[in-house]
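Quick note: numbers below take in every heavy atom, side chains included, and nothing from hydrogens, waters or symmetry partners.
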Amino acid sequence: MNAIVLVSLLSVFFVLFSSGHSRNATSRPAVVNIGAIFTLDSTIGKVAKIAMEEAVKDVNANSSILHGTKLVITMHDSNCSGFTGMVEALKFMETDVVAIIGPQSSVVAHIISHVVNELQVPLLSFAATDPTLNSLQFPFFVRTIQSDLYQMTAIAEIVNYYGWKQVISIFIDDDYGRNGILALSDKLAERRCKISYKLGIPPDSGVSNGEIMDILVKVALMESRVVVLHVNSKLGFEVFSVAKYLGMMGNGYVWIATDWLSSVLDSSSPLSSEAMGTMQGVLTLRQHIPDSDRKRSFSSRWSKLTSGSPGLNSYGLCAYDSVWLVAHAIDAFFDQGGIISFSNDSRLRSAGGSDLHLDAMSIFDDGRLLLENILKSDLVGLTGPIKYDSDRSRILPAYDVINVVGTGFRMVGFWSNYSGLSTVPPETLYIRPPNRSSANQQLYSVIWPGETSSKPRGWVFPNNGKQLRIGVPIRVSFKEFVTRVQGTDMFKGFCIDVFTAAASLLPYAVPYQFVPFGNGKANPSYTELVNMITTGVLDAVVGDIAIVTNRTKIVDFTQPYAASGLVIVAPFRKLKSGAWAFLQPFSPLMWVVTACFFIAVGTVVWVLEHRINDEFRGPPKHQIITVLWFSLSTMFFAHRENTVSTLGRFVLIIWLFVVLIINSSYTASLTSILTVQQLSSPIKGIESLKESDDPIGYQVGSFAEYYLSEELGINKSRLVPLGSPEAYATALQRGPNKEGGVAAVVDERPYVELFLSTQCTFRIVGQEFTKSGWGFAFPRDSPLAVDMSTAILELTENGDLQRIHDKWLMHSGCSSDASELESDRLELKSFWGLFLICGIACFLSLFVYFWQITRQLYSAHPEESASPGQGSSRSGGIHRLLSLMDEKEDQSRGKNKRRKLERSLSENDRDAELGKNPKRKGIEMI
């Protein structure tokens, strides 16, 4: 039975592994072949060759991986040629190669990726950094180094960190260079920066210094001084040499080289002083390799192995880790039951009769399984954690930022995709929450070209003989702001003087020419003028250009040099005083409340005084007249009636203070009405103008039309275009009821103030209902706009801006009063506090008065107060108490009369005695 089973299994095994044209192997073969393809004699290739050979030795010496299977690597030279690389890759397909490491060139990687896609063999590159290789077009391409997408992100953040807005890119014109710069352009755009000029260098090895010089001369004529150099090492050194010769490695320039420079600095023996002298102050990036014991151990081993030449760079470490990555993936592949087997491609078998022998190439049957194990790898190599995200990119990308100084270089910081620029190693930041705020971005100081530590401005005015084309509107009204000199292309006016004064303060010369805009018959559209900047027709616009929202979306404005906003101008009429002018100081409500308080205060004083003061007693008619006379007389002179009670005097003092304030305010307001010219207008502001149906005037070319119709929703049929100050005056004088007339004109404040300086029959109505200013317009992100803003602020601080204003816009034809046209009456709201105090004083006095009466009631008849049920007795007690109080008051008044009589009699006796004795009288008089 066992023999039958054994024979059956052998038969199945023989059928499976002998059918078709296939190369079979056990699940754990004795040998696994991998290939490597790169340029052997290049800077990167020399280091990679040694690193991979050492990695294979370490893998085969480690019994914990592959478990007895020997890893064999075969290296082919691509000679940095796409065609050669393809041929060498096809040679690998004739052998049992399960993976290929390389190539180092992105151009070659593009070509080979098509081959490995067909034959399903994973391709692991340690140096091809072209971001487009990560696309879905190349599923079998795996990168063991960071993509240039992250390197360009780091460069973009450096540019943004230093505040530069434009860069110039010099790149090798192949897949590596073009796609890298495309990624840089995208990352700069995310930070509102841009590449202002791109210059490609042919990838041929025979590029002459003359061609490079022509390219750099073009760079020197550009305004940007920030240059990103994305080439190979050979072209890079040639560019630096020519740039040094042209003086482009001096003060003001910024050079940022991609990681090709750091790889040369790391792997080459110390460069000559001449080579180092051509790139002083250059910034470059290097893939960040976290410090570890394994890395230090391998570096020490490398030094012993190579005696320091070539030096170990990041590409070499990635090549070493690539071998280990493949080994771990193959080990996992075998653990999952994977079998190394190959089969012919039917499409290639049909071409087998040709001399190309395409039928010799075969497909790796389980290539996708091995690819999945590579992408699922999670190990730690010399370069740090090796793990892939969903985009097939290594996690935690980071770079060192290096500054070339003297005979070497210095570290000025780090960049990581996790937290941006920092001065501490990225791995220490991974345990903290990510912080990409601008305040958290830091780098150490840099020694820039020209041996200066001062940050370069990053741009200069281009020295290519090209003048700025500055558009200037040809105004036909308000020529004090901008006017064209007759028969020339020269301009003068307030705005022109401000521009020339600001331009003279710039630290560099600005050649420019004014380009007139308009037909000279009507004010041009300023919106059309600003739009010409976006189309490239003009480089800037100078004039009375309002800074409004729809314009700031397409251009950049300088700091405002003049305050501006929409205001309303309307005709006014004089208010006549008339026979009833004395009533105008107070509003009707104020008159009513004041009269009520006169009566109320008189009544309160009467209540407090009439029982103890004979002057407040008598018949009812007499008492009413006394109350009215007493209260009203307090407004004009001291009253004849005396107050005796303390509470009465307290109320009177408060009321006299209120009367003093009211009297003073009334006198001042009436004086103003009778002596000062009072103005009135039916239009009180923008709201009353919107609610009416009257026509509204606006200046031709001004943004007032857009604002009134689009923002405020006023029907365009109500808007009347006016072209000059004379047209303003004529339309306003005609009024809204006549043809061509308007109820008001809406325009910017500077125009209105100039108009009112000569037109004395109109005034500004209401308040300014928009806030804006005038500025000079430049293209988006123009550094000239920033420098001009600084110059305008300097003009403001030193007083030159005010002097220019006074020169052009100060007129004394008539005064311009921007206050309200109609003086406000005195309203109750201005005095309610005084009335409140007086009312409280009256209430408190009455409360105390009646409390005293109640207290006397209970103290006079305690026996009656103790029997609350006896209503009649209680009522009788109250009447008796009041009678008793009247008697006491009469006695008090009688005593007062007797005292007065006695005083009068004693005075008469004394006068009689003095009459008998004149000498004594004289003595008394003395």
Do side-chain atoms of [X] reach the backbone of [Y] as a donor and acceptor pair under 3.5 angstrom?
X: R436; Y: L421; result: no
X: Q120; Y: D366; result: no
X: S322; Y: I101; result: no
X: R143; Y: A127; result: no
X: N160; Y: A156; result: no
X: W415; Y: P426; result: no
X: N435; Y: Q441; result: no
X: R301; Y: R296; result: no
X: S147; Y: L149; result: yes
X: S267; Y: S263; result: yes

Is the shortest side-chain heavy-atom distance between [X] and [Y] below 4.5 Å?
X: I340; Y: F333; value: yes
X: L229; Y: L235; value: no
X: F364; Y: D96; value: no
X: F240; Y: V282; value: yes
X: V121; Y: L123; value: no
X: Q104; Y: T39; value: yes
X: N62; Y: W324; value: yes
X: E54; Y: W302; value: no

Heavy-atom closest contact ([X] atom, [Y] atom, distance):
X: I145; Y: Q287; value: CG1-OE1, 2.6 Å
X: P131; Y: A183; value: CG-CB, 4.2 Å
X: G316; Y: V47; value: CA-CG1, 3.6 Å
X: Y430; Y: S416; value: OH-CB, 4.3 Å
X: T153; Y: R191; value: CG2-NH2, 3.8 Å
X: Y399; Y: L285; value: CD2-CB, 4.2 Å

**Request:** For a side chain to side chain contact (heavy atoms under 4.5 Å, CB included) with V72, tell me which candidate from V31, V97, N60 qualifies.
**Result:** V31
What distance separates [X] [atom1] from [Y] [atom2], expressed to the nearest 0.5 Å?
X: N313; Y: L265; atom1: CG; atom2: CG; value: 10.5 Å
X: S233; Y: E238; atom1: OG; atom2: CD; value: 10.0 Å
X: S106; Y: R178; atom1: OG; atom2: CZ; value: 11.0 Å
X: I212; Y: I170; atom1: CD1; atom2: CD1; value: 9.5 Å
X: M411; Y: N403; atom1: CE; atom2: CG; value: 11.5 Å
X: D173; Y: F171; atom1: CG; atom2: CZ; value: 5.0 Å

If you measure only the distance, is there a donor-acceptor pair under 3.5 Å linking the side chains of [X] and [Y]?
X: Q151; Y: T258; answer: no
X: N134; Y: S393; answer: yes
X: D365; Y: S341; answer: yes
X: N179; Y: D130; answer: yes
X: Q146; Y: H288; answer: no
X: S300; Y: S297; answer: no

**Asked** Can you name the residues that form a ring pair (Phe, Tyr, Trp, His ring centres under 6.0 Å) with Y150, not counting sequence neighbours?
**Response** none
**Request:** Under the ring pair (Phe, Tyr, Trp, His ring centres under 6.0 Å) rule, collect the residues that match up with F138, sequence neighbours excluded.
**Result:** H110, H114
**Request:** Just do the side-chain contact (heavy atoms from CB on, under 4.5 Å) check on I155 and M152 with the steps written out, would you?
**Result:** CA-CA 5 Å; I155 292 176; M152 296 309 172; 3.9 Å; yes
[X]/[Y] ion pair, N-O < 4.0 Å:
X: D77; Y: K49; answer: no
X: E157; Y: K187; answer: no
X: R286; Y: D259; answer: no

**Asked** Can you check whether Y315 and F126 have ring centres sitting under 6.0 Å from each other?
**Response** no
**Prompt:** Quick one: are the ring centres of H230 and Y176 less than 6.0 Å apart?
**Reply:** yes
**Item:** Working for side-chain contact (heavy atoms from CB on, under 4.5 Å), residues I112 and I37
**Value:** CA-CA 10 Å; I112 299 180; I37 182 169; 3.9 Å; yes
**Prompt:** Got a sec, which residues hit side-chain contact (heavy atoms from CB on, under 4.5 Å) with T423, two or more places apart in sequence or on another chain?
**Reply:** Q442, Y444
**Request:** Begin from the C-alpha positions of T144 and I386 and carry the test side-chain contact (heavy atoms from CB on, under 4.5 Å) through to its verdict.
**Result:** CA-CA 8 Å; T144 60; I386 304 176; over 6 Å; no
**Prompt:** Could you go step by step and tell me if V446 and L283 meet the side-chain contact (heavy atoms from CB on, under 4.5 Å) rule?
**Reply:** CA-CA 9 Å; V446 175; L283 287 180; 3.8 Å; yes
**Asked** Relative to the ring of F237, is the ring of W260 parallel (under 30°), tilted (30 to 60°) or perpendicular (over 60°)?
**Response** perpendicular
